[in-house]
Amino acid sequence: MFNLHYKRGTSAPAEIRTLGGVDVSTLHAAGCSACPLNYVLSNYHPHMVPRGPSNAEVYVLAEAPGQREDERGAPLVGPSGQCLDLRVPDEWRSRVRYNNVVRTRPPDNREPSDVEIECCRPSVVGDIEAACPRVIIGLGNVSLYWATGQVGIAKWRGRRLPVRVGRHACWYFPVVHPSAILRSRKFAPRNASEYGSDDELAFAHDIRRAFSSLPTLPEPVIHTREFAESDVSWVTGHGDGDLSRVSSFLERAAAAPVAGVDLETNAKRPYPEDSRILTAAVSVRGEALAFAVDHREAGWSPADRNAVVELFYEFLTRARGRKAVHNLAFELEWAAVHLGRDITRAGRWDCTMSQAYILDERNRMGHRPDPLSLEFLGIQYFGINVKSLSRLNRDALDSEPLTDVLRYNGIDAKYHRLLLSAQQRRLDDEGLAAVYEEHLRRVPTMVLTQVQGVPIDLSVTRELDATYHAEMAEQARLVQDTDLARQFQGRFGVPFSPTSNQDVRRLLGLAGVDSVAADEAAVAQLGDNPAREPLTRFKKLAKAHSTYVAPQLRRMWPDGRLHSTISTTNTRTWRTAAEDPNTQNWPKRSGEKRVRRQVVALPGYEIVSFDWGQIQARNVAMESLDPVLVRALWDDYDIHLEWMQRIVQLHPAWVEGGPRALADPAVTKKYRDRAKNELVFPFLFGAEGETVAGYLGVPKRVGIQLSEEFWDKFRGVRRWQESKYEQVRELGYVSGLTEFRRRAPIAKNEIINAPIQADESAIVCDAMDRLSRVDLQAFLEVHDDLTFMWPRRRHDEYVSRALAIMLSPTYEWARVVPTVVEMSVGSDWYSMRDAGKFRSNTWGQ
DNA sequence: CGAAGCTGCGCG
DNA sequence: AAAGCGCGCAGCTTCG
């Protein structure tokens, strides 16, 4: 029963009225006398009392007593308690009070049921009220759900949220349950400076953070529905004074230091002909106004409607303060398309989603709500679920009553403003204000990129579609022609369908095996059966067609472009991500490169691409300032060739045919590339000697020898890697030259990779931003690659303007090595030709 | 019937 | 071809 709510996470405890037909208030009144755990006769200490001082600033709330606790009669005195205790600061150890959500041990350590939890609630609430803690450290999901109605400890841990427990308000710090830490340990730490796993390190920092926050912890504020709805008003366009109300309000709002802004629309994207902004809302201190725009119930005359849009446009372009939006990219895309592109960089725009991302980069972690959603952040900062205040169907707002939409719109705008201030304080406290500013300027740049769109020639798409269908049919026919398929028809009475994995499994007698993994095994099992090759080929074609061709037929917008959504808050490393469709993973080297033929320059234009050469190796040099690596990059010295030679010296058998074979330049190139991919890059990215030996296919001792020599040569890189590991141990996060943070838990290799990806992204996005501001607007960004469509006749002018920007990175730290950019040009994205390699230290000379 | 999880594979 | 990490999507299964 409990588990149902718990797993789905749909209802807060306050909203659960009955359990198994019994009113929750009845359970509360009955307390222990109604608890099913009374019938567990094997328990030594039922109804366990809390441990610690009766008045405590910090209160630890666990799930339920375990075996050891039951034997000794006190909460958290078993292995979990010890695991926790190791992380409690010494000076606090005797000042903490410990309790469980359920005070009697459930049999076999099962999770307590929700009836058991509710029977116990009054006593636990009473104890917390009496203890009056400023901080509750909640262990695990059960405690989290008990106190907040939220589930998903993985996304809540490491944060804090205000909670009300009975008549008491305080801060709740969710942490993973120590029993989970015990399970994931690779070894038992001997002291507080050791961590048995990446998770335990994160756990230790969570606990530490809860204690260290006490001196500066503000009063918890928990918003009520009444508060959320107060001072929110609206106009529908039906009233006489509506237009002047909008006008005078927006005039005041334009002078305010902060204004929350929110749009409601009838579609997700602004490109279709019938896409409309339904309503808009603006919030300033003490006042929020929502107004109808193009909602079907709007009462404006055509002239008044245009006047409202004009007033809104004026406000957006002239507001003197900060315009606060949650998911600014969404708002700006609509504003750019419906009101004008100049709006994207007008005045000061703020994004509360970007703030949240900088404060904690985790997102999309299973359970709803998403940690970057307004819903989640409202709970985190104000203890209120803003979305639950209305029951609108958000996918069809034009069909919902206008006044309901306006109320909802106004409340959202209000919370955009409140959230901006709350998060800005946290950014300032954490020293992250500058990183937020750095992230913020990406938003208009990426919006303009997605508005620009990828030019697609649909006739090519249709041609490819037909070609793929024909080729798939051909492969299918080849499969049908095999004995195997004929046997299938004979046995099952229906023709074999290569599209059906089920058919493939039946064909091979694997019908009982129900998993996708089995399909790979199934094809492999075909051995050299004549069906194998066409079947494999069929699958490849089907995959390429469905991923890179068919979507265009569904997703093309009326302007002949593909407008994927580019997100700047989706990755854990500051990279961008593109979706609907993903335009960052179109085949380039693999067999299906031809799908790129769909991207075609308009007549008189050309596609121009710039690729940052070796950018990640340069990032390692920037991070580590290793003199040998830095020097090599200035001198254009071939590190990979050098290490190829060293491998050969140590282990001549590595080269097929012996070292003499290297006399052939093609062989040398092959082994140089192997040295690059199997030794140099793995080492720079944190691989161990043994792993590298495995990649190279040489004995372990050779790998270890190479690793010693490599780190002898690149001592600075090694020191840098170790300083990053140390940073995570000390601070609980890793950051690089951009100061962007990736938080624990974080694996060893992720620690090295995160700063590299963040720096890489910073360099490319910074260039992209500066290009965008002078009308050199890319339509694609693929991590180390920017792609443009420019007029062919002005090739030289555009290229030199762009190179001047790309070859002079803004960041001082990026200039310790030269920047290298490789250009390619073509009439479409398939037939791109190399068109030069440019280095910052020689260009223009 | 939708949400969520898994696997493989395209790109950097 | 092959590192390590970072993504999104197709196609499937499971779960409630």
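Donor-acceptor pairing under 3.5 Å, judged by distance alone, is absent between the side chain of A:Arg589 and the base of B:dG10.
Atoms NZ (A:Lys539) and P (B:dC9) sit 10 Å apart, rounded to a whole Å. Put simply, CG on A:Asn582 is 11 Å from C1' on B:dG12, counting in whole angstrom units. Between the C1' atom of C:dA1 and the NZ atom of A:Lys669 lies a distance of 13 Å, rounded to the nearest Å. The distance from atom CG of A:Asp785 to atom P of C:dG6 is 22 Å, rounded to the nearest whole Å. Atom pair A:Asn619:CG and B:dG12:P shows a separation of 16 Å (rounding to whole Å applied). Rounded to whole Å, atom P of B:dG12 lies 14 Å from atom CZ of A:Phe685. Computed from coordinates, the A:Lys543 NZ to B:dC11 C1' distance equals 12 Å when rounded to whole Å. Between A:Glu592 atom CD and C:dC9 atom C1' there is a gap of 16 Å when expressed in whole angstrom units.
For A:Asn585, the side-chain atoms get nearest to B:dC11 when compared with the rest of B:dG12, C:dA10, B:dC11. Of the candidates B:dG10, B:dC11, C:dC7, C:dC7 carries the atom nearest the A:Arg572 side chain, counting heavy atoms from C-beta on. When each of C:dA2, B:dG12, C:dG6 is scored by its nearest atom to the side-chain atoms of A:Thr573, the top-ranked nucleotide is C:dG6. Taking the side chain of A:Pro587 as heavy atoms from C-beta on, and the options C:dC7, B:dG10, C:dC9, the nearest nucleotide is B:dG10.
Using modelled atom types, one side-chain atom of A:Gln584 and one backbone atom of A:Glu781 make a donor-acceptor pair closer than 3.5 Å. With A:Gln616 contributing its side chain and A:Glu760 its backbone, the two residues share no donor-acceptor pair below 3.5 Å.
Residue A:Ile566 is tested with A:Val443, A:Thr576, A:Val447 for a side chain to side chain contact (heavy atoms under 4.5 Å, CB included); the sole match is A:Thr576.
A:Arg594 forms a cation-pi arrangement with A:Tyr468, by the criterion of a distance under 6.0 Å to the ring centre and an angle within 45° of the ring axis.
Note on A:Arg742: a side-chain N or O is less than 4.0 Å away from OP1 or OP2 of C:dG6. The side chain of A:Lys748 places no N or O atom within less than 4.0 Å of a non-bridging phosphate oxygen (OP1 or OP2) of C:dC5. Within the 4.0 Å cut-off from OP1 or OP2 of B:dG12, at least one side-chain nitrogen or oxygen of A:Lys588 is found. Here A:Ser546 does not reach the OP1 or OP2 of C:dC9: none of its side-chain N or O atoms lies under 4.0 Å away.
Listed by residue number, the members of residues 749-763 of chain A with any heavy atom below 4.0 angstrom from DNA chain C are A:Asn749, A:Glu750, A:Asn753, A:Gln757.
Looking at heavy-atom distances under 4.0 Å, A:Thr691 makes contact with sugar-phosphate atoms alone, never a base. Nucleic acid contact class of A:Lys540 (heavy atoms, under 4.0 Å, all strands): sugar-phosphate only. At the heavy-atom level, A:Ala687 lies nowhere under 4.0 Å from the strands shown. Residue A:Glu678 is classed as a base contact, given a heavy-atom separation below 4.0 Å to a base.
The list of salt bridge (Lys or Arg N to Asp or Glu O under 4.0 Å) pairs with a residue in residues 610-620 of chain A, not counting sequence neighbours, is empty.
When only modelled atom types and interatomic distance are considered, A:Arg442 and A:Ser354 share no side-chain donor-acceptor pair under 3.5 Å. Side chains of A:Glu709 and A:Gln705: a donor-acceptor N/O pair is present below 3.5 angstrom, by distance only.
For A:Trp586 and A:Tyr830, the ring centers sit 6.0 Å or farther from each other.
C:dA2: no Watson-Crick or G-U partner with both key distances under 3.5 Å is found in any strand.
Looking at which nucleotide of DNA chain C each of A:Asn677 and A:Pro581 is closest to, the 5′-most match is held by A:Asn677.
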